[in-house]
Engineer: 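First, the structure itself, so that you have it in front of you.
Just so you know, residue 1 is the first one in the sequence shown, and it goes up from there.
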Amino acid sequence: MIELILLDVDGTLTDGGLIYNQDLLESKIFDIKDGLGLVAWKKLGKKAAVISGRHSKIVTYRMKELGVESVYMGISDKREIACKLKKEFDLQACEIACIGDDLNDLGMFAECGLRFVPSDGALWLKDFADVILQKPGGKGAVREMIEYIVMRDGLKDEILKLYQ
């Protein structure tokens, strides 16, 4: 049973686009369905962590809104953080799922028992995925991943009770 999900940001929780205004302030768009999926996941007593190669106050803010406390930014070695979290939460690889969209996610993939790639993820990464999602990054891919895990692990009734 999956206890922890590891999330890349750009290309999974967002569409990977970088938007800057004339003052060079960055913007990102998050899918509300991904957000509700993460909130429901946390309500099940499960854990989630973000491991991003970039620094972003926007991501920190959004994850705080969603109750995701483990947020790692500016990470060049995602495998190192995945190993740290595995030890911190005393989990085996088979209890960890992750989602990533490009080559910098390979290290994280190596530490997880269930690996997801959005439909528009890098072709090279898809060879290492267990599940290639139908949704693209930033358009419900994280929600689709969570729904897949919930159904696979027999948690559908439990999650529905949370919202009835």
Engineer: Can a salt bridge be assigned to the pair Lys139 and Asp120 using a cut-off of 4.0 Å between side-chain N and carboxylate O?
Structural biologist: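 Answer for the salt bridge query: no.
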Engineer: Are the side chain of Asp34 and the backbone of Val142 linked by a donor-acceptor contact shorter than 3.5 Å?
Structural biologist: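 Present.
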Engineer: Looking only at atom types and distance, does a side-chain atom of Asp105 sit under 3.5 Å from a main-chain N or O of Asp102, one as donor and one as acceptor?
Structural biologist: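 Side chain of Asp105 to backbone of Asp102: a pair is present.
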Engineer: To the nearest 0.5 Å, what is the distance between SG (Cys83) and CD (Glu88)?
Structural biologist: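 The distance works out to 13.0 Å.
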Engineer: Does the distance from a Lys or Arg side-chain N to an Asp or Glu carboxylate O, for Lys161 and Glu158, drop under 4.0 Å?
Structural biologist: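 No.
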Engineer: Show the numbers, then the answer: is there a side chain to side chain contact (heavy atoms under 4.5 Å, CB included) between Ile159 and Trp41?
Structural biologist: CA-CA 8 Å; Ile159 211 162; Trp41 178 256; over 6 Å; no
Engineer: Is the closest basic N to carboxylate O distance between Lys28 and Glu26 below 4.0 Å?
Structural biologist: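 Salt bridge between Lys28 and Glu26, a charged N being under 4.0 Å from a carboxylate O: yes.
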Engineer: Check whether Leu66 and Leu36 end up in the same hydrophobic cluster, where Ile, Leu, Val, Met, Phe, Trp and Tyr are linked by side-chain heavy atoms less than 4.5 Å apart.
Structural biologist: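 Same hydrophobic cluster.
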Engineer: Any donor-acceptor pair under 3.5 Å linking the side chain of Asp153 with the backbone of Leu155?
Structural biologist: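 Not at all, since once roles are kept as given, no pair shorter than 3.5 Å links the two residues.
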Engineer: Salt bridge or not between Arg143 and Glu147? Use side-chain N to carboxylate O under 4.0 Å.
Structural biologist: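 Salt bridge present between Arg143 and Glu147.
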Engineer: Any carboxylate oxygen within less than 4.0 angstrom of a Lys/Arg side-chain nitrogen, looking at Glu144 and Lys135?
Structural biologist: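 No.
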Engineer: Distance check, rounded to the nearest 0.5 Å: Cys112 atom SG versus Ile99 atom CD1?
Structural biologist: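 It comes to 11.5 Å.
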Engineer: Is it true that, when you exclude Leu18 itself, more than 12 heavy atoms of the residues, nucleotides or ligands shown sit nearer than 6.0 Å to its CG?
Structural biologist: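 It does: Leu18 CG has more than 12 such atoms within range.
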Engineer: Taking Asn21 for its side chain and Asp23 for its backbone only, find out whether a donor-acceptor pair lies under 3.5 Å.
Structural biologist: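 Yes; judged by distance alone, with no hydrogens or angles, the pair exists.
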Engineer: Can a salt bridge be assigned to the pair Arg54 and Asp10 using a cut-off of 4.0 Å between side-chain N and carboxylate O?
Structural biologist: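 Yes, this pair counts.
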Engineer: Check whether any side-chain heavy atom of Val9 lies under 4.5 Å from a side-chain heavy atom of Val50, and answer yes or no.
Structural biologist: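 They are in side-chain contact.
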Engineer: Using atom types as modelled and distance alone, determine if a side-chain donor or acceptor of Asp31 lies under 3.5 Å from a backbone N or O of Lys33.
Structural biologist: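 Here the side-chain-to-backbone pair exists.
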Engineer: Is there a side-chain contact between Ile146 and Ile5 in this structure, where contact means two heavy atoms from C-beta onward sitting under 4.5 Å apart?
Structural biologist: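 In contact.
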Engineer: Mind checking the CG-CG spacing from Asp101 to Leu125? Nearest 0.5 Å is all I need.
Structural biologist: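 Rounded to the nearest 0.5 Å, the CG-CG separation comes out at 7.5 Å.
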Engineer: For a 4.5 angstrom cut-off between non-hydrogen side-chain atoms, does Phe116 reach Thr12?
Structural biologist: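 Phe116 does not reach Thr12 side chain to side chain.
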Engineer: Flag the pair Asp130 and Arg115 as a salt bridge only when some basic side-chain nitrogen lies within less than 4.0 angstrom of an acidic carboxylate oxygen.
Structural biologist: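 Salt bridge present between Asp130 and Arg115.
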Engineer: Counting only heavy atoms not in Phe128, do more than 12 fall under 6.0 Å of its CZ?
Structural biologist: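 Counting other residues, nucleotides and ligands, CZ of Phe128 stays at 12 neighbours or fewer.
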Engineer: Do NZ/NE/NH1/NH2 and the carboxylate oxygens of Glu111 and Lys86 come within less than 4.0 Å?
Structural biologist: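 Answer for the salt bridge query: yes.
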Engineer: Counting only heavy atoms from other residues, nucleotides and ligands, does the tally under 6.0 Å from NZ of Lys126 exceed 12?
Structural biologist: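 Result for NZ/Lys126: enclosed.
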Engineer: Backbone N or O of Gly67 within a donor-acceptor pair of the Lys42 side chain at under 3.5 Å?
Structural biologist: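 Confirmed, Lys42 side chain pairs with Gly67 backbone.
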Engineer: Take Leu133 and Ser119 through the side chain to side chain contact (heavy atoms under 4.5 Å, CB included) test and state the conclusion after the steps.
Structural biologist: CA-CA 5 Å; Leu133 299 164; Ser119 63; 5.7 Å; no
Engineer: Are the side chains of Leu4 and Glu95 in touch, meaning some heavy atoms are under 4.5 Å apart?
Structural biologist: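 No. Closest side-chain heavy atoms not under 4.5 Å.
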Engineer: Would you say that more than 12 heavy atoms from the other residues, nucleotides or ligands in this model lie under 6.0 Å from the OH of Tyr163, or not?
Structural biologist: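 Yes, because the 6.0 Å sphere around OH of Tyr163 holds more than 12 heavy atoms from other groups.
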Engineer: Can you check whether Leu85's main-chain N or O pairs, donor with acceptor, with Lys47's side chain at less than 3.5 Å?
Structural biologist: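 No; zero donor-acceptor contacts below 3.5 Å.
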Engineer: Answer whether the closest heavy-atom distance between the side chains of Ile96 and Glu3 falls below 4.5 Å.
Structural biologist: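 Not touching, per the 4.5 Å side-chain cut-off.
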Engineer: Does the side chain of Lys78 come within less than 4.5 Å of Tyr72's, by heavy atoms?
Structural biologist: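 Contact flag for Tyr72/Lys78 side chains = no.
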Engineer: Please say yes or no: joined through hydrophobic side-chain contacts below 4.5 Å, possibly via intermediate residues, are Ile58 and Leu7 part of one cluster?
Structural biologist: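 Same cluster.
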Engineer: Do Val71 and Ile51 make a side-chain contact, defined as non-hydrogen atoms from C-beta onward lying under 4.5 Å apart?
Structural biologist: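 When only atoms from C-beta onward are counted, Ile51 and Val71 do not touch, as no gap falls below 4.5 Å.
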Engineer: Is a side-chain N or O of Lys46 found less than 3.5 angstrom from the main chain of Ile2, in a donor-acceptor match?
Structural biologist: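 Checked: pair present.
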